[in-house]
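Written out below as structure tokens is the structure these notes cover.
The figures that follow rest on heavy atoms only: side chains count, while hydrogens, waters and symmetry mates do not.
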Amino acid sequence: MWLLAWRNIWRKKWRSLLTAFAVGVVVYLTLIYFGMVGASQNGMYQSISQNAGHIQLRVAGYRDIHDFDDLLIDGVASLTEQISSAVTSLNSDIDTELIQDLQVSTALEVPGLLEGDGRSRGIVLQGIDQTDSGRERYAEEYLEAGNLPTPGDLESIALGNKLATALGVDLGDTVYMYAPGTEGYGAAAFTVTGLLNIAGAETFAVSSLLAAQDVGAPEDASRVELYFPNLRRFVDDPVLGAARDQLVGALAEAGVEVDALEVELWREVDPSISSYLASSEGITTVITGLFFVLAGLLVMNTVYLSVMERIKEFGVMIALGTKRRNVVRMMLGESLFICAVGASVGGVLGMVSLWRMAQGFSFPGMEELFVEYGLPATLYASISPDQIVLTVVFTVLTGILAALFPAFTAARLEPVEAMRFSAA
């Protein structure tokens with residue numbers, strides 16, 4: 001039966017090759033599609049984690065707290081030291097390579113009034129203490145003109161571009177911050193050194209952490225963000241759950257009142273983005289299935305035409321005693337061989353392309369659009385073993401399901417009717 005199947009494939013070799021080519025194209029496009037979806041997921045994941053951290057610490061119940069003093073984390077410098085020490089002691093139950101090189105960013109949000117050129121606006125002053133690499137990322141993504149305040153700078157401030165327009169100020173101008181009722185000085189004068197293109201730019205201003213602490217809360221902060229630069233792929237994100245649990249345990253052993261803190265993963269801070277990334281996998285599977293449905297229709301057409309051309313031959317085979325299940329097996333063999341050849345070529349080319357795209361790729365001229373949608377300018381393709389297995393499963397199912405109807409049609413033939421059959 002297998003030799004007959006092999007011979008029948010080459011009866012109409014160009015039709016068989018065209019069908020195998022179509023299957024190969026579908027497999028290739030499927031792998032590239034998986035890689036592109038993985039690239040966009042990883043891009044969004046990196047963008048979110050870079051801006052908000054992988055793990056974020058705030059006071060417990062912060063979402064329901066409206067008083068500024070109750071939102072403060074006391075003695076934040078000591079806390080960040082304990083966090084760094086705790087992270088280095090995480091055990092081997094998790095992939096420690098992913099959580100090496102911890103970067104800690106501390107922020108204090110001070111509500112107040114900003115005045116400039118006789119105009120004033122209610123704002124939230126963001127005092128941020130970032131690493132050098134964090135400041136570079138922040139500046140690359142949001143800085144429109146000028147420079148960000150440097151760590152420890154008490155005089156510089158960067159304003160959202162719309163806030164600067166509303167106040168009628170520009171780079172080099174002086175603005176005045178008032179925050180009565182806070183624990184700091186409650187007032188300060190700043191020089192505008194930077195303009196930011198950022199969401200919420202109408203009420204957004206950035207200073208150094210020390211400057212915001214002087215105004216509103218010395219030695220305190222509103223949140224602490226932990227960023228792991230080696231954790232770049234969305235599929236590796238589950239490691240964070242174990243890391244968070246061990247971190248909380250280590251801080252408790254060090255005497256930190258962890259019950260007074262909310263230790264959240266990025267997906268808990270922004271559940272809408274997390275839901276989108278999770279649901280995109282299901283959508284990807286459905287779209288991939290549609291690719292293979294189209295390929296299956298082409299394979300079924302090829303096998304069915306082969307059956308119609310060989311009806312008399314099948315009649316003779318059955319009359320000579322060939323079992324009907326062997327006829328079905330022969331047709332399935334033809335279909336699976338065509339799918340296997342096409343999928344092998346398409347798979348090899350697809351994996352080579354993905355390897356190249358995993359080194360980083362971009363779309364020239366679309367960098368601003370990518371940034372607008374929260375994606376980095378350079379993307380890195382990514383595909384999981386499950387997606388490769390899914391592609392193989394889809395290919396096998398395509399070969400089997402596409403051949404079932406033609407195969408059973410051939411197996412049900414009555415020898416006398418088959419030998420009388422004419423395609424004309």
Side-chain angles (χ1 to χ4, degrees), residues 47 50-53 68 76-77 103-223 225 227 367-372 374 376-377:
S47 180
Q50 287 171 359
N51 293 332
F68 172 73
V76 72
Q103 296 180 6
V104 180
S105 174
T106 309
L108 174 63
E109 300 170 336
V110 183
L113 188 71
L114 194 67
E115 180 184 359
D117 195 28
R119 306 175 188 177
S120 61
R121 289 290 186 277
I123 70 159
V124 175
L125 177 65
Q126 297 268 358
I128 304 177
D129 182 16
Q130 296 175 305
T131 62
D132 291 341
S133 59
R135 291 184 73 254
E136 290 176 5
R137 289 195 306 267
Y138 195 93
E140 181 178 348
E141 188 164 356
Y142 298 119
L143 190 63
E144 186 175 274
N147 299 289
L148 291 174
T150 56
D153 188 344
L154 299 177
E155 299 179 353
S156 301
I157 192 171
L159 306 182
N161 48 18
K162 293 183 180 178
L163 176 60
T165 300
L167 295 176
V169 298
D170 205 343
L171 295 177
D173 292 340
T174 301
V175 294
Y176 302 92
M177 172 77 179
Y178 301 97
T182 57
E183 299 179 1
Y185 291 117
F190 294 104
T191 300
V192 179
T193 60
L195 297 177
L196 303 171
N197 184 11
I198 192 171
E202 300 88 344
T203 60
F204 193 84
V206 173
S207 71
S208 69
L209 176 64
L210 185 59
Q213 288 176 329
D214 277 356
V215 173
E219 300 183 0
D220 296 340
S222 302
R223 68 180 187 273
E225 300 168 354
Y227 172 67
E367 290 83 356
E368 294 184 3
L369 181 63
F370 276 34
V371 171
E372 182 178 345

For residues 178-190, which side-chain N or O atoms pair as donor and acceptor with protein atoms under 3.5 Å away, sequence neighbours left out?
unit_1, atom_1, unit_2, atom_2, d
T182, OG1, A179, O, 2.8
T182, OG1, V215, O, 3.2

Distance-only donor-acceptor pairs under 3.5 Å for side chains of residues 143-159, two or more places apart:
unit_1, atom_1, unit_2, atom_2, d
E144, OE1, N161, ND2, 3.2
D153, OD1, E155, N, 2.9
D153, OD1, S156, N, 3.3
D153, OD2, S156, OG, 2.6

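- Annotation: salt bridge (charged side-chain N to carboxylate O under 4.0 Å, His left out) contacts involving residues 213-223, sequence neighbours excluded, comprise E109-R223, R223-E225.
- Here the NZ atom belonging to K162 is positioned 8.5 Å from the CG atom belonging to N197, to the nearest 0.5 angstrom.
- The shortest distance between side-chain heavy atoms of Y142 and V206 does not fall below 4.5 Å.
- The side-chain heavy atoms of L171 and L195, taken from C-beta on, include a pair separated by under 4.5 Å.
- Across all their heavy atoms, A212 and G127 have their closest contact at CB-CA, 3.5 Å.
- With sequence neighbours excluded, the residues forming a ring pair (Phe, Tyr, Trp, His ring centres under 6.0 Å) with Y227 are H54, listed by chain and number.
- Summarising the geometry of G116 relative to V175, their closest heavy-atom pair is CA-CG1, 4.3 Å, with the distance given to 0.1 Å.
- Closest non-hydrogen pair, T106 versus A221, comes out as CG2-CB, 3.4 Å.
- Atom CZ of R119 and atom CG of L163 lie 11.5 Å apart (nearest 0.5 Å).
- For L108 against A217, the heavy-atom pair with the smallest separation is CD2-O, 4.0 Å.
- With values rounded to the nearest 0.5 angstrom, I123 atom CD1 is found 9.5 Å from F204 atom CZ.
- Applying the side-chain hydrogen bond (donor to acceptor under 3.5 Å, both in side chains) rule to Q103 yields the partners T131, S133; only residues at least two apart in sequence or on another chain are considered.
- Partners of F68 under the ring pair (Phe, Tyr, Trp, His ring centres under 6.0 Å) rule, at least two apart in sequence or in another chain, do not exist in this structure.
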Criterion side chain to side chain contact (heavy atoms under 4.5 Å, CB included) on V76 and Q213, from CA distance to verdict: CA-CA 11 Å; V76 72; Q213 288 176 329; 4.2 Å; yes
